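Side chains are part of it too, since the values below use all heavy atoms of this structure and drop only hydrogens, waters and symmetry mates. Just so we're clear, the structure is a prediction, and the values are computed from it rather than from any experiment. Every number for a ligand or one of its atoms is a count from 1 in the order of the listing.
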Amino acid sequence: MNSSRPFLHPDAGSPLACDGVRLDTLAKKYGTPLYVYSANQILERLRLFTQAFQPVPHLVCYAVKANSSLAILKLLAKHGAGFDIVSGGELERVLRVSQEAAERVVFSGVGKTAPEMDLALRSGILLFNVESAGELELLAERASKLRIRARVSLRVNPDVFAETHPYISTGLREHKFGIDIREARKVYKSAARQKYLEPYGVSVHIGSQIRSADPFGAAAERIARLVQELRADGLSIRVVDVGGGLGIEYHREHSFDPEQKVRQYASALLKALRPLKELQLLLEPGRFIVAQAGALLTRVLYVKKNGKKTFVITDAAMNDLIRPALYQAHHEIIPVVPRKGARKRTVDVVGPVCETGDFFARDRSMPELQPGDLAAILDAGAYGLSLSSNYNSRPRPAEVLVEGTRHRLIRKRETIDDLLAAEMP
Ligand code: LLP
């Protein structure tokens, strides 16, 4: 079993498997499109963080938005993870799998509502990552109404450039996220005057799919200076939440050593935060934990030619996995059953949705696929199902969790009745 790549052909010529389970077996049993996840890989990635940050007190708060399936949250909760949530709905999910995990929850997001704050206060979460002065005011009001003290951290915007897709970069002054780092001291002082608010930490999150450790180090340096100033102001700042954002490698031909990546990330952060004593570090990785643990299994419906182009039409579509359409993201696509001597063809792999943007690959040279063949779209465990929709009235796929050589359904395929249940004709 290869911990860095759970989706492999066990040997040349045999069908693609997820750990010890063949994907053609899963397709037969559960149908397609189907999300398949490796539990081993998820736990292995969690372990890489725990190991790399072992020199300091820390807590990994998995970013629920990356993949919020209950079985995955339960698996992570059981292994001690905390959670980064951005809505009341995500908190409900965490509570559904583990009541005691509430004390390991941090609540991020720019638009928290009063009912969401109330739920979080009553559940006794660890920390509110507050993103504006207005939000701080509302939180103070809700906390004093409920007579529950809220531990707060301001999410500061460090004005650090992180090289990634513009839609998932968040750490510049021009973005909607966080509070300008130059304003932070003033806002902390106003928080300290509130009886039911406890200034407890400083948070930052500069974006997602960031592959170099440098921007994380640069942001952490700015945070470290702020913590020192706040402590000099008399505030007892106990935690620094460094957010998530560590990127993975989506291209198979590029080498990728996840253990080394996390080590480099840890060393950039720990170096920048070294001047701070008595500090707990919070981490919010999402993608790095689940992306490579998951694949979207799909069946080829048709192959057609239009002019010079060949289109492979699959039963999965952009509503199931929107990343290529939304971010021009690259996902490897592998035939599940290799065909002996198969030629390579340059094709577009597309779904049945009525949008030109409904594609998984464009002008990709890959082994020939024929109608009825199965293909796996790799690295789809993060922001796959969690970003899916019912566009074109397509029921969402089922999900299966592979645990070594066993597999189990963790979400049923949606039915048309599920889709229509809330409607009143
Ligand atoms: N913490 C906060 C406050 C966040 O906003 C995010 C992601 C994370 C943690 C986790 O980031 P990660 O470790 O997964 O990079 N849908 C996009 C990614 C959006 C990320 C949004 N925020 C994609 O598919 O690439």
TODO: Report, in ascending order of atom number, the atoms of ligand 1 lying under 4.0 Å from any heavy atom of Leu387.
DONE: 16 (N)
Open item on the list: When you measure from the heavy atoms of Ala382 to every atom of ligand 1, does any distance fall below 4.0 Å?
Closed with: no
Task: Sub-4.0 Å atoms of ligand 1 with respect to non-hydrogen atoms of Arg155 - done: 3 (C)
Task: Residue pair Tyr250 / Gln209, side-chain donor-acceptor N/O under 3.5 Å - done: no
- [ ] Identify which of Lys65, Glu284, Arg323, Glu131 has a heavy atom lying nearest to atom 6 (C) of ligand 1.
- [x] Lys65
TODO: Let me see the working for Leu139 and Tyr196 under side chain to side chain contact (heavy atoms under 4.5 Å, CB included), right down to the final yes or no.
DONE: CA-CA 9 Å; Leu139 182 60; Tyr196 284 96; over 6 Å; no
Open item on the list: Please identify which of these residues, Ile85, Leu95, Leu126, Leu127, meets the side chain to side chain contact (heavy atoms under 4.5 Å, CB included) condition with Val105.
Closed with: Ile85
Open item on the list: Between Asp159 and Arg182 (salt bridge meaning N to carboxylate O under 4.0 Å), is one present in this structure?
Closed with: no
Task: Under-4.0 Å salt bridge between Arg299 and Asp315 - done: no
Open item on the list: Taking 4.0 angstrom as the limit and counting only heavy atoms of Asp84, give me the atoms of ligand 1 inside it, by number and element.
Closed with: 1 (N), 2 (C), 9 (C)
TODO: Check each atom of ligand 1 against the heavy atoms of Gly245 and keep those under 4.0 Å away; list them by number with element.
DONE: 11 (O), 12 (P), 13 (O), 15 (O)
Task: Pro285: numbered ligand 1 atoms lying under 4.0 Å from its heavy atoms - done: 13 (O)
Task: Asp241-Asn129 side chain donor-acceptor pair, cut-off 3.5 Å - done: yes
- [ ] Measure the distances from the heavy atoms of Tyr327 to every atom of ligand 1 and state whether one is below 4.0 angstrom.
- [x] yes
Open item on the list: Distance under 4.0 Å to a non-hydrogen atom of Ala63: what atoms of ligand 1 satisfy this?
Closed with: 8 (C), 9 (C), 10 (C)
Task: Glu278, CD atom: more than 12 neighbouring heavy atoms under 6.0 Å - done: no
Open item on the list: Does Phe288 form a ring pair (Phe, Tyr, Trp, His ring centres under 6.0 Å) with Tyr265? I'd like the steps, not just the answer.
Closed with: CA-CA 12 Å; Phe288 206 90; Tyr265 171 71; 8.1 Å; no
Task: Which of the ligand 1 atoms, numbered from 1, are nearer than 4.0 Å to a heavy atom of Gly286 - done: 12 (P), 13 (O), 14 (O)
Open item on the list: Checking the N or O distance criterion of under 3.5 Å, is ligand 1 in contact with Ser108?
Closed with: no
